[in-house]
Amino acid sequence: MPNGQQQPPAGGQWYPPEWPDRIRALADGSLTPVRPRLAATVMLLRDTPDGPVVHMLRRRASMAFAGGAYAYPGGGVDPRDEEHHVGWAGPSQADWAARLGTDARTAQAIVCGAVRETFEEAGVLLAGPTADTVVGDTTGDDWEADRQALVARELSFADFLERRGLWLRSDLLGAWARWITPEFEPRRYDTWFFVAALPEGQRTRNASTEADRTVWIRPADAADGYDKGELLMMPPTISTLRSLEAYGSAADALAAAGAQELAPVLAQAALEGGEVVLSWPGHDEFTKRVRLGRAADPADPADPADPADPGGPA
């Protein structure tokens, strides 16, 4: 389903047809892995009478990669956000560095990336004029002009916060998981997944040029759609959705974030008896076997040819 022209297979995964060859090349040493780019993505939650729902966007079917897949707002980290002073509320950069396993400058850039991407793709801003407030409405023309400048990378997020006199509310985020794109992928991301609650007074909108729709959906319902082959998702998306099902409110999920395991999940490829076996440690449902010597059919539900990419910023 590279261009969204076919229905997703059972389990809702997308299998790029070029992956078997790349996996074989990695296994025989002829492929050198590229260094993954830092990225961040946010599972934005809000409460309903039926439990918390999560904000998801669907990538346009015309996208060359994972067209039609459901994901969260997210994207690459801007290195400029390492360098500038940022009005910062909540756990310090050093605290975040300890949690994320990075240095303080990198931690600042990752958290900035999570907040920036949520603003860029959902119109929601986890920042406020003081350390204990959040902006109430970001729908005006002046906000949109700044959002567009951020998308175009004409404006760094640190400069945006400084110009508007805003504090980044790092206390409104919880680090949830970390997934790294497999080593055989040409574009790789080292992605931190965060959880956050929709601030009071703000509302989401489809601000992403890469998405054709957005939904608020219960994690259990989204996972059920994936299991039925109705919703297309990458492994980190469905994995994190399943992990959210246990929580009865957005506050419960945020409170649980500190106990979540952040050891990076990285796919492993190995040659076993004429097959390439791809597995994600701790996530057996995504294990795939690529039969050598035959072409992969990404549209065939019975063909476990290629795994779905867990890497991108979702």
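- A donor-acceptor contact shorter than 3.5 Å links the side chain of R147 to the backbone of E120.
- With sequence neighbours excluded, the residues satisfying salt bridge (Lys or Arg N to Asp or Glu O under 4.0 Å) with R178 are D190.
- The two residues R105 and D103 make their nearest non-hydrogen contact at N-OD1, 3.1 Å.
- Atoms CG and CG, on D146 and D141 in that order, are 11.5 Å from each other to the nearest 0.5 Å.
- Shown here are the side-chain hydrogen bond (donor to acceptor under 3.5 Å, both in side chains) partners of R80, two or more places apart in sequence or in another chain: D78.
- Residues W167 and L172 are members of separate hydrophobic clusters, defined by side-chain heavy-atom contacts under 4.5 angstrom among Ile, Leu, Val, Met, Phe, Trp and Tyr.
- R218 contributes atom CZ, which lies 11.5 Å from atom CG of L241 (distance to the nearest 0.5 angstrom).
- Side-chain contact between D47 and P52 is present, with at least one heavy-atom pair separated by less than 4.5 Å.
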Name every donor-acceptor pair, under 3.5 Å, that has one atom in a side chain of residues 27-34 and the other anywhere in the protein, sequence neighbours excluded.
residue : atom : partner : partner atom : Å
D28     : OD1  : S30     : N            : 2.9
D28     : OD1  : S30     : OG           : 2.7
S30     : OG   : A25     : O            : 3.3

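- Ring orientation note: the planes of W179 and H283 are tilted relative to one another, at an angle of 30° to 60°.
- Looking only at side-chain heavy atoms (C-beta outward), V124 and L44 come within less than 4.5 Å of each other.
- Contact check for Y70 versus T237: no side-chain heavy atoms found under the 4.5 Å cut-off.
- Not counting sequence neighbours, the partners of S243 by the side chain to side chain contact (heavy atoms under 4.5 Å, CB included) test are W176, T240.
- Separating the CZ atom in R58 from the CZ atom in R213 is a distance of 5.5 Å, to the nearest 0.5 Å.
- Within the 4.5 Å cutoff, no side-chain heavy atoms of T204 are placed close to those of T214.
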Item checked: side-chain contact (heavy atoms from CB on, under 4.5 Å) between E82 and T106, worked out -> CA-CA 6 Å; E82 293 185 3; T106 302; 3.9 Å; yes

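- Under a 4.0 Å N-O distance rule, the pair E121/R116 does not qualify as a salt bridge.
- Side chain of R22 to backbone of F184: a donor-acceptor contact under 3.5 angstrom is found.
- Atoms CG and CG, on L26 and D21 in that order, are 12.5 Å from each other to the nearest 0.5 Å.
- Under the side chain to side chain contact (heavy atoms under 4.5 Å, CB included) criterion, D142 pairs with R164, not counting sequence neighbours.
- Looking at every heavy atom in both residues, L125 comes nearest to P199 through O-CG, 4.3 Å.
- With sequence neighbours excluded, no residue satisfies salt bridge (Lys or Arg N to Asp or Glu O under 4.0 Å) with D137.
- Here the side chain of T41 pairs no donor or acceptor atom with the backbone of F193 at under 3.5 angstrom.
- Within the 4.5 Å cutoff, the side chain of V54 has heavy atoms near those of the M56 side chain.
- Here E185 does not pair with R188 in a salt bridge; the nearest charged N to carboxylate O distance is not below 4.0 Å.
- At least one side-chain heavy atom of M233 sits under 4.5 Å from a side-chain heavy atom of L231.
- Within the 3.5 Å criterion, the main-chain N or O of D50 finds a donor-acceptor partner in the side chain of T48.
- The closest side-chain heavy-atom distance from L173 to V195 is not below 4.5 Å.
- Taking every heavy atom of both residues into account, A127 and L166 meet most closely at CB-CB, 4.3 Å.
- Not a single donor-acceptor pair under 3.5 Å links the side chain of E144 to the backbone N or O of T139.
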Next item on the list: Give the intermediate values and the outcome of side-chain contact (heavy atoms from CB on, under 4.5 Å) for residues L168 and C112.
Entry: CA-CA 8 Å; L168 184 149; C112 280; 3.9 Å; yes

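- Between I110 and W96 the shortest side-chain heavy-atom distance does not fall below 4.5 Å.
- A search for side-chain hydrogen bond (donor to acceptor under 3.5 Å, both in side chains) contacts involving E261 returns nothing, not counting sequence neighbours.
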Checklist line | Verdict with reasoning, T287 to V277, per side-chain contact (heavy atoms from CB on, under 4.5 Å) | finding: CA-CA 7 Å; T287 298; V277 180; 4.3 Å; yes

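- Residues V265 and M43 fall within the same hydrophobic cluster, defined by Ile, Leu, Val, Met, Phe, Trp and Tyr side chains chained together at heavy-atom separations under 4.5 Å.
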Margin query: With side-chain contact (heavy atoms from CB on, under 4.5 Å) as the criterion, how do Q148 and L150 come out once you've worked through the C-alpha distance, each side chain's angles and the decisive distance to 0.1 Å?
Written below: CA-CA 5 Å; Q148 292 281 4; L150 287 167; over 6 Å; no

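- In this structure, CD in E285 is found 13.0 Å from OG in S279, a value given to the nearest 0.5 Å.
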May I have the list of side-chain donor-acceptor pairs in residues 154-162 shorter than 3.5 Å, sequence neighbours left out?
residue : atom : partner : partner atom : Å
S156    : OG   : D159    : N            : 3.1
S156    : OG   : D159    : OD2          : 3.1

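- Remark: the backbone N or O of A114 is paired with a side-chain donor or acceptor of T118 at under 3.5 angstrom.
- For the residue pair R242 and Y226, no side-chain donor N or O sits within less than 3.5 Å of a side-chain acceptor on the partner.
- Contact between A39 and Y189 at its shortest, heavy atoms only, is CB-CD2, 3.9 Å.
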Only distances under 3.5 Å count here; give the side-chain donor-acceptor pairs of residues 83-90 to other protein atoms, sequence neighbours excluded, each with its distance to 0.1 Å.
residue : atom : partner : partner atom : Å
W88     : NE1  : P91     : O            : 2.6
W88     : NE1  : S170    : OG           : 3.4

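- In terms of heavy atoms, L244 sits closest to P219 at CB-CG, 3.9 Å.
- Atom CZ of F286 sits about 5.0 Å away from atom OG of S239, to the nearest 0.5 Å.
- Legend: residues meeting side-chain hydrogen bond (donor to acceptor under 3.5 Å, both in side chains) with T130, ordered by chain and number and at least two apart, are D132, T133.
- Partners of W143 by ring pair (Phe, Tyr, Trp, His ring centres under 6.0 Å), not counting sequence neighbours: none found.
- Of all heavy-atom pairs between E117 and G74, the closest is OE1-O, 3.1 Å.
- For E183, there are no salt bridge (Lys or Arg N to Asp or Glu O under 4.0 Å) partners, not counting sequence neighbours.
- A salt bridge does not link R99 to D95: none of the charged nitrogens lies less than 4.0 Å from a carboxylate oxygen.
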